[in-house]
Amino acid sequence: MNAPENLHGTVLGGRYQLDHHRAEATTSTSGTMQFDATDLSSQEIVSIRMVPVEQLVDPTLGSTTVSDAVSVFEQQIDVASSLRHPCIETVLDHGDVTLEGERYLFVVGEPLTGGSLREFLDRGRRLTPSQALIVGIDVCRALDAAAKQGIVHGDLRPSRLVFGSDRRVRVVGFGAPLRPLDSLGLEQATYSAPELSEGGARTASSDVYSLALILVEAMTGDVPFVGDTVAAAFANRVGKLLPVNADYGSLAQVLERAGRPNATERFSPREMGQALVQAAEKMPRPTPVDIVGGGMFDGGATQPMPAPAPTPRVDSAPPIVIRTTPNIDTGNIPVASPVVDPTDPNGTPITIGGDETGPIAIDPEQLQALSADDPTSQVVRTEKNWKRRIGVVVAAVILVAAAGTGAYFTVLNPKNPVPELKGLSEAEARNGVSQYGWSIKIIKERSDEIAEGQVMRTDPLPGGNLAKRSTLTMWVSQGPTLSALIDVTGLTADEAKAKITEIGLVPTTADVPDENIAAGTVVSWSIPDQPTLKAGDEVVKGTAVAVNVSSGPAARVLPDFTNMPIADVKAKLTELQLVITETEPSGHPEIVTGNVISQSPAAGQSVPRGGTVTITVSQGQTTTLIPSIYGKPLTTVKERLLKYGMVVGKVTGNTRRGLKSATIDGKVVKNFERVVVGKTVDLKFP
């Protein structure tokens, strides 16, 4: 593949001159290169993306040959070119070119010099909630416009949201071939809706879910439900509500519904856009987004490109209308009638919403559609028709006077009944009443009946009427009530369990040995998750209490007493609180007098405290006579040798015949020969 720096000055299709390679926008895995270019026919700045054809061959995307790849590319361009909307990247042209023997496909689009949201976030930047709201509105407008033509994006992620020099976002990638679930990359899965893992189709609802994840990441830097693998990413979000934060302001209610795991419960793109517009009434004024490439990150190293001449756009979709209340019929607002402050000689537009940072000014064009400029951007507005505005002011004053106080309460400040919210989660309850424009006050309270995080009751009660901007108080459960811990040490196990259960806690018992406390008596207790808690401290009802119950003294494991002096053995057994008994002393060929020959139970076995251990002590070496064993069968020989304290060793030959030879330590011994008691006698038969 040609190096990008070697392509500067190249003219594609006899018309587009490549001027500057945008390295930060290049997708290295696909081989795509992006350039700022000049349209030589109009001298306007355009953006060009080009990619080697071979890089587009991918069986999972429906292409196994170069010809297939070109066909898929043409289909993508047809879809992208069919969309004309201010919030969707404008595709101006495309083509096929061969450079130094390598074939490329290229797309010509409007110059989006602000970089993608992905680049923005990778530089450690974050959007404020107000900025995220503006981005969300623009993306919803793009998705809604596409949905009206039966087009779903299907792969929405931060790299597909690109800023223009006007600091407003454009959605790119409409019509791109979509990978099946089994070949999704991790980045794609990170922003995918949970229904895709169950074989669900990509829909406008799944795009709304992806947008909710993107907006949360844009504000926090973290993607909800992230996983190390595609399978983990999907598993982490199945059945899970999108975690929202009060720091998001009124945007939180919109994100909660947009991020619901059930696709049927989410907004459509248009509904989400309208909800965001309503949320804007309570949000601070947004500041301009620090776009990439606009001089904000460059440190003076490169100059931002001049803003191009505006490209005519067609926005045929019905506008998303800002509504001052849920009950106003927005279809009756005349396009040519600006709503202004009658007391202001300058004809300043009436303001809607706002907080301590100042309200958001809304002019008539913005009331009808959000295709106007960002009100927070530095833009030059066209001169208004002041004569017409003055005439409308007069009409507005007459209308207000006629309507009187009743209009205020019936139209501008309507009342709505409070719905039943008990048992809903706080997020669900907030979302359910967001349309009424009420302020929400949350009071936390514990309950043994209502699960943690669910609404317990409201003020006003369900059915009561509440005006817009009034306060709805919701009591939200903090979980079960608390119980004060009690000391159960010294009680029997049954007594302790009864008392712990009585205060709403859960006892779990374990037997532990104890030398001093009687079996069946509580030795100690603790809260496993909070071992430092003591009697009098409070814990949530249902908390487990670990109770240690004495099982009496621990059993003693016997050491090996063989060949130890009997005095030492007695001292050790006394220390272990065991009782010693001694058998008749016995001679031993190797163990000296006074040392232990054997013990019972054997070494390693356990004996309860107070148990008995039997010890046999050596008398040292004693002698005896070999009995009459020659010529006798094995049974007789063994019986006589054992009777005299000897040990039978190796036996060879035919044991049913008479003994031929007996040896001790390799030396032959005869009948009635004196030998040391306990020696081993080897026997040999014919």
Side-chain angles (χ1 to χ4, degrees), residues 1-2 4-27 30-56 66 69-100 102-116 119 142 145-146 151 153 159-166 168-177 291-293 304-315:
M1 185 175 73
N2 290 283
E5 57 271 16
N6 296 334
L7 297 178
H8 292 172
T10 301
V11 177
L12 306 181
R15 178 174 178 179
Y16 305 107
Q17 178 178 292
L18 303 182
D19 297 330
H20 171 66
H21 173 232
R22 297 184 65 82
E24 73 280 359
T26 295
T27 307
S30 67
T32 301
M33 298 178 289
Q34 184 163 332
F35 294 87
D36 297 326
T38 302
D39 183 349
L40 299 179
S41 66
S42 64
Q43 296 303 310
E44 290 184 351
I45 302 300
V46 295
S47 176
I48 290 183
R49 292 192 299 275
M50 55 188 299
V51 61
V53 177
E54 290 80 359
Q55 296 287 343
L56 298 179
V66 169
V70 174
S71 177
V72 171
F73 172 77
E74 291 289 347
Q75 293 172 15
Q76 177 182 353
I77 296 301
D78 287 344
V79 172
S81 300
S82 70
L83 295 172
R84 285 291 186 268
H85 191 276
C87 298
I88 299 176
E89 177 193 30
T90 299
V91 174
L92 304 172
D93 196 0
H94 69 285
D96 186 334
V97 64
T98 300
L99 301 175
E100 298 182 6
E102 188 167 14
R103 186 181 179 187
Y104 293 84
L105 299 176
F106 66 89
V107 181
V108 182
E110 62 176 309
L112 300 179
T113 59
S116 70
E119 297 167 57
I151 298 172
H153 192 286
S159 60
R160 300 300 177 97
L161 307 185
V162 184
F163 293 94
S165 58
D166 59 358
R168 298 297 287 269
V169 76
R170 315 285 195 276
V171 179
V172 305
F174 278 105
I291 59 174
V292 179
M305 296 180 61
T311 302
R313 295 178 178 274
V314 178
D315 190 357

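All residue numbers refer to positions in the sequence shown, counting from 1. Scope of the values below: all heavy atoms of this structure, side chains included, with no hydrogens, waters or symmetry mates.
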Any side-chain heavy atom of [X] within less than 4.5 Å of one from [Y]?
{"X": "Gln76", "Y": "Val107", "result": "no"}
{"X": "Thr10", "Y": "Leu99", "result": "yes"}
{"X": "Val108", "Y": "Arg15", "result": "no"}
{"X": "Val70", "Y": "Arg103", "result": "yes"}
{"X": "Glu100", "Y": "Asn6", "result": "no"}

Looking at [atom1] of [X] and [atom2] of [Y], how far apart are the two atoms once the value is rounded to the nearest 0.5 Å?
{"X": "Gln17", "Y": "Phe35", "atom1": "CD", "atom2": "CZ", "answer": "12.0 Å"}
{"X": "Leu112", "Y": "Asp166", "atom1": "CG", "atom2": "CG", "answer": "8.5 Å"}
{"X": "Tyr16", "Y": "Ser41", "atom1": "OH", "atom2": "OG", "answer": "6.5 Å"}
{"X": "Thr98", "Y": "Glu102", "atom1": "OG1", "atom2": "CD", "answer": "9.5 Å"}
{"X": "Glu89", "Y": "Leu161", "atom1": "CD", "atom2": "CG", "answer": "12.0 Å"}
{"X": "Gln34", "Y": "Phe106", "atom1": "CD", "atom2": "CZ", "answer": "14.5 Å"}

Any idea which heavy atoms bring [X] and [Y] closest together, and the distance?
{"X": "Gly173", "Y": "Arg160", "value": "CA-NH1, 3.6 Å"}
{"X": "Ala142", "Y": "His85", "value": "N-CE1, 4.2 Å"}
{"X": "His94", "Y": "Phe73", "value": "CD2-CE2, 4.0 Å"}
{"X": "Ile48", "Y": "Ala37", "value": "CD1-CB, 3.7 Å"}
{"X": "Ala145", "Y": "Ile88", "value": "CB-CD1, 4.5 Å"}
{"X": "His153", "Y": "Val172", "value": "NE2-O, 2.8 Å"}

Self-check item: Exercise: do Ser71 and Glu74 side chains pair donor with acceptor under 3.5 Å
Solution: no

Exercise. Go through the side-chain N and O atoms of Arg49 and Thr32 and say whether any donor and acceptor fall under 3.5 Å apart.
Key: no

Practice problem: Keeping the roles fixed (side chain from Arg84, backbone from Ser81), state whether a donor-acceptor pair exists under 3.5 Å. | Solution: yes

Quiz item: Do the side chain of Asp19 and the main chain of Thr38 share a donor and acceptor less than 3.5 angstrom apart?
Solution: yes

